[in-house]
Amino acid sequence: MKKIKLNDGTPIYCLKENEAIVLDEHIKGYLGYNIKIKNGDNIVDIGANIGMLGIRLSKDFNNINIYAFEPIPEIYKVLEKNANISSNKKFKTYMKGVSNINTELIFTYYPNSPALSTAQPELWEEDHNNFISAVQGNIKNAPKSFWWAKFIPDFLTPLIAKYLTSNSKKIKSSVITLSSFITSEKIRKIDLLKIDCEGEEINVLKGIKKNHWQLIKSIIMEVNDVNNNMKKAKNILIKAGFRNIKVDKEKGFEKTKLANIYATRN
(Lines give C-alpha, C1' and ligand atoms only; values in the text may rest on other atoms or scores of the structure.)
Protein backbone atom coordinates (compact mmCIF):
# COMPACT_ATOMS: atom_id res chain seq x y z
CA MET A 1 0.00 0.00 0.00
CA LYS A 2 1.23 3.47 -0.84
CA LYS A 3 -0.08 7.01 -0.66
CA ILE A 4 -0.24 9.09 -3.84
CA LYS A 5 -1.86 12.28 -5.06
CA LEU A 6 -4.45 12.22 -7.84
CA ASN A 7 -4.28 14.68 -10.72
CA ASP A 8 -6.01 17.42 -8.69
CA GLY A 9 -3.83 16.84 -5.64
CA THR A 10 -6.32 14.72 -3.70
CA PRO A 11 -4.41 12.24 -1.50
CA ILE A 12 -5.37 8.57 -1.66
CA TYR A 13 -3.96 5.20 -0.68
CA CYS A 14 -3.70 2.51 -3.35
CA LEU A 15 -2.10 -0.79 -4.28
CA LYS A 16 -1.27 0.18 -7.86
CA GLU A 17 -0.74 3.85 -8.71
CA ASN A 18 -1.67 3.56 -12.40
CA GLU A 19 -4.80 1.62 -11.57
CA ALA A 20 -5.89 4.25 -9.04
CA ILE A 21 -5.58 7.02 -11.62
CA VAL A 22 -7.60 4.99 -14.14
CA LEU A 23 -10.26 4.29 -11.49
CA ASP A 24 -10.51 8.02 -10.80
CA GLU A 25 -11.21 8.74 -14.47
CA HIS A 26 -13.77 5.92 -14.47
CA ILE A 27 -15.61 7.40 -11.48
CA LYS A 28 -15.71 10.88 -13.03
CA GLY A 29 -17.85 9.51 -15.85
CA TYR A 30 -20.43 8.07 -13.48
CA LEU A 31 -22.45 11.06 -12.40
CA GLY A 32 -24.21 11.82 -15.64
CA TYR A 33 -27.38 10.54 -17.26
CA ASN A 34 -29.71 12.26 -14.77
CA ILE A 35 -27.95 10.79 -11.71
CA LYS A 36 -28.22 13.51 -9.07
CA ILE A 37 -26.38 13.53 -5.72
CA LYS A 38 -27.00 15.99 -2.87
CA ASN A 39 -26.12 16.46 0.79
CA GLY A 40 -27.76 13.94 3.09
CA ASP A 41 -27.93 11.21 0.44
CA ASN A 42 -27.25 7.53 1.13
CA ILE A 43 -24.81 5.91 -1.30
CA VAL A 44 -24.31 2.13 -1.39
CA ASP A 45 -21.09 1.19 -3.18
CA ILE A 46 -20.91 -2.53 -4.04
CA GLY A 47 -17.48 -3.42 -5.31
CA ALA A 48 -15.97 -0.30 -3.79
CA ASN A 49 -12.38 -1.37 -4.46
CA ILE A 50 -10.11 1.23 -2.81
CA GLY A 51 -13.01 3.65 -2.25
CA MET A 52 -12.53 6.09 -5.10
CA LEU A 53 -16.24 6.93 -5.33
CA GLY A 54 -16.44 7.50 -1.58
CA ILE A 55 -13.34 9.71 -1.61
CA ARG A 56 -14.71 11.88 -4.43
CA LEU A 57 -18.21 12.21 -2.97
CA SER A 58 -16.87 12.92 0.52
CA LYS A 59 -14.79 15.74 -0.96
CA ASP A 60 -17.70 17.20 -2.95
CA PHE A 61 -20.34 16.99 -0.20
CA ASN A 62 -20.00 17.85 3.48
CA ASN A 63 -22.84 15.57 4.56
CA ILE A 64 -23.12 12.29 2.71
CA ASN A 65 -23.49 8.67 3.84
CA ILE A 66 -21.30 6.07 2.13
CA TYR A 67 -21.76 2.32 2.65
CA ALA A 68 -18.84 0.67 0.85
CA PHE A 69 -18.46 -3.09 0.34
CA GLU A 70 -15.21 -4.83 -0.65
CA PRO A 71 -14.65 -8.58 -0.05
CA ILE A 72 -10.90 -8.90 -0.82
CA PRO A 73 -8.87 -8.37 2.40
CA GLU A 74 -5.85 -6.78 0.69
CA ILE A 75 -8.06 -4.29 -1.13
CA TYR A 76 -10.30 -3.74 1.89
CA LYS A 77 -7.35 -2.55 3.98
CA VAL A 78 -6.80 0.24 1.45
CA LEU A 79 -10.53 1.06 1.35
CA GLU A 80 -10.59 1.35 5.15
CA LYS A 81 -7.54 3.61 5.10
CA ASN A 82 -9.11 5.89 2.49
CA ALA A 83 -12.34 6.11 4.45
CA ASN A 84 -10.29 7.28 7.43
CA ILE A 85 -8.42 10.00 5.53
CA SER A 86 -11.61 11.23 3.86
CA SER A 87 -12.60 12.96 7.16
CA ASN A 88 -16.14 11.74 6.48
CA LYS A 89 -17.32 9.97 9.63
CA LYS A 90 -20.28 8.66 7.64
CA PHE A 91 -18.02 6.78 5.20
CA LYS A 92 -18.58 3.21 6.46
CA THR A 93 -16.77 0.17 5.10
CA TYR A 94 -17.57 -3.55 5.15
CA MET A 95 -15.23 -6.42 4.31
CA LYS A 96 -17.99 -8.34 2.54
CA GLY A 97 -19.30 -8.90 -0.93
CA VAL A 98 -22.94 -8.67 -1.98
CA SER A 99 -24.78 -11.45 -3.80
CA ASN A 100 -28.16 -13.23 -3.92
CA ILE A 101 -27.69 -15.21 -0.66
CA ASN A 102 -25.81 -14.90 2.62
CA THR A 103 -22.89 -17.29 2.29
CA GLU A 104 -19.16 -17.51 1.58
CA LEU A 105 -17.68 -17.38 -1.92
CA ILE A 106 -14.24 -18.12 -3.31
CA PHE A 107 -12.82 -14.99 -4.94
CA THR A 108 -9.86 -14.81 -7.29
CA TYR A 109 -7.54 -11.98 -6.31
CA TYR A 110 -5.16 -10.57 -8.94
CA PRO A 111 -2.25 -8.78 -7.19
CA ASN A 112 -1.04 -7.30 -10.50
CA SER A 113 -4.46 -5.77 -11.18
CA PRO A 114 -6.59 -5.76 -8.00
CA ALA A 115 -9.61 -4.16 -9.69
CA LEU A 116 -10.09 -7.32 -11.79
CA SER A 117 -10.58 -9.52 -8.71
CA THR A 118 -13.77 -11.55 -9.00
CA ALA A 119 -15.85 -14.46 -7.76
CA GLN A 120 -16.37 -15.49 -11.38
CA PRO A 121 -12.93 -15.70 -13.06
CA GLU A 122 -14.41 -18.01 -15.68
CA LEU A 123 -16.06 -14.98 -17.32
CA TRP A 124 -12.63 -13.80 -18.47
CA GLU A 125 -11.10 -17.25 -18.88
CA GLU A 126 -13.85 -18.59 -21.14
CA ASP A 127 -13.96 -15.49 -23.32
CA HIS A 128 -10.33 -14.47 -23.47
CA ASN A 129 -10.87 -12.23 -26.50
CA ASN A 130 -13.32 -10.14 -24.47
CA PHE A 131 -10.68 -9.72 -21.77
CA ILE A 132 -7.98 -8.76 -24.26
CA SER A 133 -10.37 -6.22 -25.82
CA ALA A 134 -11.01 -4.76 -22.36
CA VAL A 135 -7.27 -4.43 -21.69
CA GLN A 136 -6.80 -2.81 -25.08
CA GLY A 137 -9.69 -0.43 -24.33
CA ASN A 138 -8.01 0.61 -21.09
CA ILE A 139 -4.78 1.31 -22.94
CA LYS A 140 -6.42 3.24 -25.77
CA ASN A 141 -8.54 5.29 -23.35
CA ALA A 142 -5.77 5.90 -20.81
CA PRO A 143 -5.75 9.25 -18.94
CA LYS A 144 -3.77 12.04 -20.59
CA SER A 145 -1.04 11.71 -17.97
CA PHE A 146 -0.32 8.26 -19.43
CA TRP A 147 0.88 9.80 -22.70
CA TRP A 148 3.17 6.83 -23.24
CA ALA A 149 0.22 4.39 -23.53
CA LYS A 150 -0.46 5.40 -27.14
CA PHE A 151 2.93 4.01 -28.10
CA ILE A 152 2.13 0.48 -26.86
CA PRO A 153 1.66 -1.72 -29.96
CA ASP A 154 -1.46 -3.88 -30.18
CA PHE A 155 0.52 -7.10 -30.45
CA LEU A 156 1.67 -6.63 -26.84
CA THR A 157 -1.88 -6.58 -25.46
CA PRO A 158 -2.15 -10.39 -24.94
CA LEU A 159 1.12 -10.33 -23.00
CA ILE A 160 -0.13 -7.46 -20.84
CA ALA A 161 -3.39 -9.35 -20.24
CA LYS A 162 -1.43 -12.42 -19.17
CA TYR A 163 0.66 -10.36 -16.76
CA LEU A 164 -2.40 -8.71 -15.19
CA THR A 165 -3.94 -12.08 -14.32
CA SER A 166 -0.75 -13.87 -13.28
CA ASN A 167 0.05 -14.89 -9.69
CA SER A 168 -3.62 -14.99 -8.78
CA LYS A 169 -4.75 -16.09 -5.32
CA LYS A 170 -7.94 -17.81 -4.11
CA ILE A 171 -9.59 -16.09 -1.15
CA LYS A 172 -12.73 -17.05 0.76
CA SER A 173 -14.90 -14.14 1.83
CA SER A 174 -18.41 -13.55 3.14
CA VAL A 175 -21.20 -12.23 0.95
CA ILE A 176 -24.61 -10.97 2.01
CA THR A 177 -27.75 -9.85 0.22
CA LEU A 178 -28.46 -6.16 -0.07
CA SER A 179 -31.84 -6.79 1.56
CA SER A 180 -30.25 -8.36 4.63
CA PHE A 181 -28.05 -5.25 4.95
CA ILE A 182 -31.03 -2.91 4.53
CA THR A 183 -32.86 -4.78 7.28
CA SER A 184 -29.97 -5.05 9.74
CA GLU A 185 -28.90 -1.40 9.33
CA LYS A 186 -32.47 -0.08 9.13
CA ILE A 187 -31.74 1.72 5.85
CA ARG A 188 -34.72 3.89 4.89
CA LYS A 189 -33.52 5.04 1.47
CA ILE A 190 -30.75 4.47 -1.07
CA ASP A 191 -30.30 7.51 -3.26
CA LEU A 192 -27.63 5.82 -5.38
CA LEU A 193 -26.79 2.14 -5.66
CA LYS A 194 -23.49 1.64 -7.47
CA ILE A 195 -22.63 -1.93 -8.54
CA ASP A 196 -19.25 -2.84 -10.01
CA CYS A 197 -18.48 -6.35 -8.84
CA GLU A 198 -16.92 -8.16 -11.80
CA GLY A 199 -19.60 -10.66 -12.81
CA GLU A 200 -21.73 -10.83 -9.66
CA GLU A 201 -24.01 -7.94 -10.67
CA ILE A 202 -27.09 -10.00 -11.59
CA ASN A 203 -26.91 -11.84 -8.26
CA VAL A 204 -26.80 -8.48 -6.46
CA LEU A 205 -30.10 -7.52 -8.09
CA LYS A 206 -31.61 -10.92 -7.31
CA GLY A 207 -30.76 -10.41 -3.65
CA ILE A 208 -33.07 -7.39 -3.32
CA LYS A 209 -36.51 -8.20 -1.90
CA LYS A 210 -39.60 -6.77 -3.55
CA ASN A 211 -40.42 -4.45 -0.64
CA HIS A 212 -36.89 -2.99 -0.66
CA TRP A 213 -36.79 -1.96 -4.32
CA GLN A 214 -38.93 1.10 -3.57
CA LEU A 215 -36.13 2.45 -1.34
CA ILE A 216 -33.71 2.68 -4.27
CA LYS A 217 -33.89 5.88 -6.31
CA SER A 218 -31.09 5.44 -8.85
CA ILE A 219 -28.59 2.82 -9.97
CA ILE A 220 -25.27 2.80 -11.78
CA MET A 221 -23.99 -0.67 -12.59
CA GLU A 222 -21.35 -2.21 -14.79
CA VAL A 223 -22.53 -5.26 -16.71
CA ASN A 224 -20.40 -7.86 -18.44
CA ASP A 225 -22.89 -8.91 -21.11
CA VAL A 226 -22.24 -12.64 -21.10
CA ASN A 227 -25.02 -15.19 -20.65
CA ASN A 228 -27.51 -12.48 -21.70
CA ASN A 229 -26.73 -10.47 -18.54
CA MET A 230 -27.68 -7.11 -20.05
CA LYS A 231 -31.19 -8.27 -20.89
CA LYS A 232 -31.54 -9.89 -17.46
CA ALA A 233 -30.47 -6.71 -15.68
CA LYS A 234 -32.80 -4.46 -17.69
CA ASN A 235 -35.76 -6.80 -17.14
CA ILE A 236 -35.19 -6.82 -13.38
CA LEU A 237 -34.90 -3.02 -13.29
CA ILE A 238 -38.04 -2.47 -15.38
CA LYS A 239 -39.98 -4.88 -13.17
CA ALA A 240 -38.72 -2.94 -10.13
CA GLY A 241 -40.17 0.30 -11.49
CA PHE A 242 -37.20 1.97 -13.18
CA ARG A 243 -38.42 3.72 -16.30
CA ASN A 244 -35.37 5.72 -17.37
CA ILE A 245 -32.68 3.23 -18.32
CA LYS A 246 -29.63 4.22 -20.34
CA VAL A 247 -26.91 1.81 -21.51
CA ASP A 248 -23.54 3.27 -22.39
CA LYS A 249 -20.18 1.87 -23.38
CA GLU A 250 -17.20 3.88 -22.22
CA LYS A 251 -14.83 5.21 -24.83
CA GLY A 252 -12.36 2.52 -25.81
CA PHE A 253 -14.63 -0.34 -24.73
CA GLU A 254 -16.84 -0.49 -27.81
CA LYS A 255 -15.45 -3.92 -28.81
CA THR A 256 -15.95 -5.44 -25.36
CA LYS A 257 -19.02 -6.86 -23.66
CA LEU A 258 -18.69 -4.33 -20.84
CA ALA A 259 -21.27 -1.56 -20.52
CA ASN A 260 -22.73 0.68 -17.83
CA ILE A 261 -26.41 0.91 -16.98
CA TYR A 262 -27.78 4.19 -15.59
CA ALA A 263 -31.29 3.80 -14.16
CA THR A 264 -33.61 6.29 -12.46
CA ARG A 265 -37.28 6.15 -11.55
CA ASN A 266 -38.44 9.52 -12.89
Between side-chain atoms of residues 233-245 and protein atoms elsewhere (two or more places apart, or another chain), which donor-acceptor pairs fall under 3.5 Å?
| unit_1 | atom_1 | unit_2 | atom_2 | d |
| --- | --- | --- | --- | --- |
| Asn235 | ND2 | Lys231 | O | 3.4 |
| Arg243 | NH1 | Ile238 | O | 2.9 |
| Asn244 | ND2 | Asn266 | O | 2.6 |

Would you compute the distance between atom [atom1] of [X] and atom [atom2] of [Y] and round it to the nearest 0.5 angstrom?
| X | Y | atom1 | atom2 | result |
| --- | --- | --- | --- | --- |
| Ile202 | Ser99 | CD1 | OG | 11.0 Å |
| Glu17 | Leu6 | CD | CG | 9.0 Å |
| Ile55 | Ser86 | CD1 | OG | 5.0 Å |
| Leu192 | Ile37 | CG | CD1 | 4.5 Å |
| Asn88 | Asn65 | CG | CG | 7.5 Å |
| Ile182 | Leu178 | CD1 | CG | 4.0 Å |

Taking Phe107 as the fixed residue, which of Ser117, Ser173, Ser168 is the one that meets the side chain to side chain contact (heavy atoms under 4.5 Å, CB included) rule?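 Exactly one pass, corresponding to Ser173.
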Nearest atoms (heavy-atom pairs only) where [X] meets [Y]:
| X | Y | answer |
| --- | --- | --- |
| Pro73 | Met95 | CA-SD, 3.8 Å |
| Glu200 | Val98 | CG-O, 3.7 Å |
| Met221 | Glu201 | CE-CB, 3.7 Å |
| Pro111 | Lys16 | O-CE, 3.2 Å |
| Gly51 | Phe91 | O-CZ, 4.1 Å |
| Ala259 | Lys249 | CB-CG, 4.0 Å |

Quick one, Tyr13 with Lys2, criterion side chain to side chain contact (heavy atoms under 4.5 Å, CB included). Give me CA distance, side-chain angles, the key distance, then yes/no. CA-CA 5 Å; Tyr13 285 91; Lys2 58 183 176 179; over 6 Å; no
For Phe181 and Phe69: C-alpha separation, side-chain torsions, deciding distance, then whether ring-ring contact (aromatic ring centres under 6.0 Å, His included) applies. CA-CA 11 Å; Phe181 175 74; Phe69 292 84; 4.9 Å; yes
Say whether, by atom type as modelled, one donor and one acceptor occur between the side chain of [X] and the main chain of [Y] under 3.5 angstrom.
| X | Y | result |
| --- | --- | --- |
| Asn82 | Ile50 | yes |
| Arg265 | Ile216 | yes |
| Ser218 | Thr264 | no |
| Glu70 | Asn49 | yes |
| Asp45 | Tyr67 | no |
| Thr93 | Glu80 | no |

Using the test side chain to side chain contact (heavy atoms under 4.5 Å, CB included), find all partners of Asn100 that sit at least two apart in sequence or belong to another chain.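 Asn203, Lys206.
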Scan side-chain atoms only and decide if Glu19 and Ser113 contain a donor-acceptor pair under the 3.5 Å cut-off.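 Yes - a donor-acceptor pair under 3.5 Å links their side chains.
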Please check if any side-chain donor atom of Asn112 sits under 3.5 Å from a side-chain acceptor atom of Ser166, or the reverse.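 Side chains of Asn112 and Ser166: pair found under 3.5 Å.
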Are Ile208 and Val175 joined in one hydrophobic group, where the rule is that I, L, V, M, F, W and Y side chains link up if heavy atoms are under 4.5 Å apart?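 Different hydrophobic clusters.
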Going only through I, L, V, M, F, W and Y residues with side-chain contacts under 4.5 Å, is there a path from Ile66 to Leu215?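 Not linked; separate clusters.
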Hey, is Asp41 close enough to Lys36 for a salt bridge, meaning N to O under 4.0 Å?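 No, this pair does not count.
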Between Asp225 and Lys232, does at least one N-O distance fall below 4.0 Å, as a salt bridge requires?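 Not counted as a salt bridge, because no side-chain N and carboxylate O are separated by less than 4.0 Å.
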Steps toward side-chain hydrogen bond (donor to acceptor under 3.5 Å, both in side chains) verdict (Thr177, Ser180): CA-CA 5 Å; Thr177 67; Ser180 66; 3.2 Å; yes
Cation over ring face, Lys246 and Tyr262, 6.0 Å, 45°: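 Not flagged: Lys246 not positioned over aromatic ring of Tyr262.
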Which residues satisfy the side chain to side chain donor-acceptor pair (under 3.5 Å) test with His212, sequence neighbours excluded?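 Testing His212 for side chain to side chain donor-acceptor pair (under 3.5 Å), a comparison that skips the adjacent residues, returns Ser179.
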Could you go through the side-chain hydrogen bond (donor to acceptor under 3.5 Å, both in side chains) check for Thr10 and Lys59 one step at a time? CA-CA 9 Å; Thr10 300; Lys59 183 178 180 180; 2.7 Å; yes
